[in-house]
Amino acid sequence: MHLVPTHDEVVALLRQTGGLRSGHFEYDNGLHSDEYVQVALTMRYYEAAKILSVGLSRKLRADSELRAMIPELSIVAPAVAGLPVAYGVCEALRAHQVYWAEQDGHDQPLRFQQYLELKPGEKVLLVDDILRTGSKLTQLKKLVESNGGEVVGLAVVLYQPNPMAVKFDPLPLYFLAQLDGMYYKDSASCDLCKRGVPVDKVLV
Ligand SMILES: [Zn+2]
């Protein structure tokens with residue numbers, strides 16, 4: 001294994017640990033796909049979590065602008081799924097702190113914990129396990145900015161953009177591997193549905 005794992009090493013690690021599945025899946029937004037990723041299933045193993053978060057931190061450290069901010073950098077996750085990555089990256093970088101957003105219900109806005117206050121101009125790196133549509137990270141970016149922070153970049157273990165994915169340009173986006181699974185916009189256009197392959201509904 002390389003210090004920054006290669007695309008193939010990341011994919012192999014995910015497959016071995018149950019984090020990457022092949023089959024026929026329907027997402028809650030109606031998209032169908034032949035692949036499903038659940039990074040949390042991989043992150044439950046300490047060794048795998050370490051490999052991924054250290055690898056991601058090395059990519060971040062290679063950015064000289066970001067490297068200069070590390071002592072004051074906040075690592076912020078949009079939800080609990082991003083926490084193992086956020087803590088792993090913070091530990092490897094020796095960054096300043098980790099915190100995360102909460103949500104009182106599926107349709108409720110993201111919020112920070114009571115008494116959590118950002119310093120004016122606080123440098124924030126948004127971290128999550130995976131970026132698919134980018135909608136949670138977009139909400140988190142707005143939340144950080146409305147609390148006076150400055151988002152300086154994004155880092156995810158996996159980048160699996162679907163056809164609705166938001167772009168965060170000009171912010172830098174770091175990831176260990178990009179997965180381009182096949183996406184179908186609905187059941188009617190899905191080849192797997194046409195072939196009668198049984199479908200699994202997935203929650204996220
Ligand atoms: Zn289908």
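Every number for a ligand or one of its atoms is a count from 1 in the order of the listing.
For Asp28, the side chain to side chain donor-acceptor pair (under 3.5 Å) criterion is met by no residue, not counting sequence neighbours. Evaluation of the side chain to side chain donor-acceptor pair (under 3.5 Å) rule for Glu145 yields Lys141 as partners, not counting sequence neighbours.
Restricting His24 to its N/O/S atoms, the shortest distance to the Zn ion (ligand 1) is reached by NE2. Within His32, the N, O or S atom lying nearest to the Zn ion (ligand 1) carries the name ND1.
Ring geometry, His24 versus His32: the interplanar angle falls from 30° to 60°, so the pair is classed tilted.
With no hydrogens or angles considered, no side-chain donor-acceptor pair links Ser22 and Glu35 at under 3.5 Å.
The Zn ion (ligand 1) is the vertex of the angle joining SG of Cys190 and SG of Cys193, which measures 110° to the nearest 10°.
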